[in-house]
Number of protein chains: 2
Amino acid sequence: MITVQVPEVVVLRLPLYVRALTQLADDGIEVVSSQQLGRRLQMTPAQIRKDLSYFGRFGKQGRGYKVEFLMRELGQILGLDRRWNTCLVGVGRLGRAIINYPGFAPEGFNILAALDSDLTQINTPVGDHLIVQPMGNLGAEIRRHEIVIAIVAVPAAQTQTVIDELVKSDIKGILNYAPVAPQVPMNVVLRNIDPVLSLQSMTYYLRDMLEGES
Amino acid sequence: MITVQVPEVVVLRLPLYVRALTQLADDGIEVVSSQQLGRRLQMTPAQIRKDLSYFGRFGKQGRGYKVEFLMRELGQILGLDRRWNTCLVGVGRLGRAIINYPGFAPEGFNILAALDSDLTQINTPVGDHLIVQPMGNLGAEIRRHEIVIAIVAVPAAQTQTVIDELVKSDIKGILNYAPVAPQVPMNVVLRNIDPVLSLQSMTYYLRDMLEGES
DNA sequence: TAATGTGAAAACCTTCACAGCT
DNA sequence: AGCTGTGAAGGTTTTCACATTA
């Protein structure tokens, strides 16, 4: 199999497959066809098979895919078979909600440090085992804990500055919660979480739906 | 101009344009070219022009686009020139962070009701002017406040049930924060906010970057 | 001159359809 | 018999390149 550059959309769908497979495994299902998986995920069986084919041949013709096996293979491809050390920058209301969100750790994303520029926050506890550090400690903390990913929850106005500092400290991935589109060098992976943007594109479709209302 | 069905990707980008234009307007800039806008948003000028051309002819050849004008036009196309009444379902830690997030109201998304199924939460205050309602009040609250969009922040296991109730109560749009892919009828617009999914696709690229590490 | 708006070309992504394997 | 893996077809999105206009 000649390895073609994997389309980004395909990579974005892999975690969905892993999640569905995890559920199937929890339900004790051992084998699944692209058809069944497609029904569950609302996608065509062909797309699932094509997506998987970018990475290898995981199925058995006439049978389908072994759930556990495929789950593990995809997990490995995505790098979910290891822990990812992360830090949180910004411990305001949003940052605190993030650190208390119980969904990260079980998936291997461990928040090992929390930082903030607000001096009144420094040395206060946050989450159930962290102490807020001053921003000056950023580089040191990243090196000390071998942190690869930063979760950024600072005000929009400070976001680019914080991200520049993270990049200087050699961070590899950034999950940004501020409603801005920060600039990062090509070798840093950036993802934005922006509920307002989601709502603002949603309303385009709602507008038509509500046409003729009072 | 024959109106072609607007690609969804284009609709997803419009809010980005509106946001960039708002910033430009705040900076006192009156005219912008697709080139300048493209530099700011990291996209090609051609894409911006093509996107805009789905909706009309907003620019002046040789000059560019009038910032205020384009901003208003796009705002109108997206339905951002009105208020959108929303409710929050689920007032746990995440729900509380959402209700206190100061980014929704200024963009016209007003949370007018908060509901939860946890009986110990009912009638307690949340945010700075809401009282938690029991789920039984859902339909009544939606009608009373003319709520169009629901923000759902309940545990994964309850999400589909809650969303089914919302659909029955004739909700038009749903912003879901649970790490599941709920089913909704075609006439309901669903958006998911899922930071773990973002991280899990990010790691695909980080894995390669870190190859050869200890 | 400078930048838009847009057909046409190129690139990209999804779906089809079927050979081939179990 | 049933389902995968995959070239090829079909569809969609992006980019090109230039006629047009202020």
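Letters A, B, ... are given to chains in the order of the sequence lines, protein chains preceding strands, and every chain is numbered from 1.
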May I ask you to verify if any side-chain N or O of [X] is less than 4.0 angstrom from the OP1 or OP2 atom of [N]?
X: R13(A); N: dC13(C); answer: no
X: Y65(A); N: dG5(D); answer: yes
X: R49(A); N: dC16(C); answer: no
X: S33(A); N: dC3(D); answer: no
X: S34(B); N: dA3(C); answer: no
X: T44(B); N: dT15(D); answer: yes
X: R63(A); N: dC21(C); answer: no

To the nearest angstrom, how far is [X] atom [atom1] from [N] atom [atom2]?
X: K66(B); N: dA3(C); atom1: NZ; atom2: P; answer: 17 Å
X: Y54(B); N: dT15(D); atom1: OH; atom2: C1'; answer: 12 Å
X: R57(A); N: dC21(C); atom1: CZ; atom2: C1'; answer: 9 Å
X: F69(A); N: dT4(D); atom1: CZ; atom2: P; answer: 14 Å
X: L12(A); N: dT14(C); atom1: CG; atom2: P; answer: 10 Å
X: R39(B); N: dA3(C); atom1: CZ; atom2: P; answer: 10 Å
X: Q36(A); N: dG2(D); atom1: CD; atom2: P; answer: 13 Å
X: Q35(B); N: dA3(C); atom1: CD; atom2: P; answer: 7 Å

Of I163(A), V89(A), I149(A), which meets side-chain contact (heavy atoms from CB on, under 4.5 Å) against I174(A)?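 That would be I163(A).
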
Is it the case that dT22(C) (base atoms only) and Q61(A) (side chain only) share a donor and an acceptor within less than 3.5 Å, ignoring hydrogens and angles?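 Per atom types, no contact qualifies.
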
Please state whether the base of dT15(C) and the side chain of Q47(A) form at least one donor-acceptor pair under 3.5 Å?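 Flag unset: no donor-acceptor pair detected.
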
Whichever of L52(B) and D51(A) has its nearest DNA chain C nucleotide further upstream toward 5':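 Result of the comparison: L52(B).
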
Pairwise side-chain contact, [X] with [Y], heavy-atom cut-off 4.5 Å (strictly under):
X: Q76(B); Y: L80(B); value: no
X: I151(B); Y: F109(B); value: no
X: Y101(B); Y: V196(A); value: yes

Would you please test Q23(B) and R40(B) for side-chain hydrogen bond (donor to acceptor under 3.5 Å, both in side chains) and show each step? CA-CA 11 Å; Q23(B) 279 169 15; R40(B) 200 174 256 253; 3.0 Å; yes

Per K50(A) side chain, nearest of listed nucleotides dT6(D), dC13(C), dA22(D):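 Out of dT6(D), dC13(C), dA22(D), the nucleotide with an atom closest to K50(A)'s side chain is dT6(D).
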
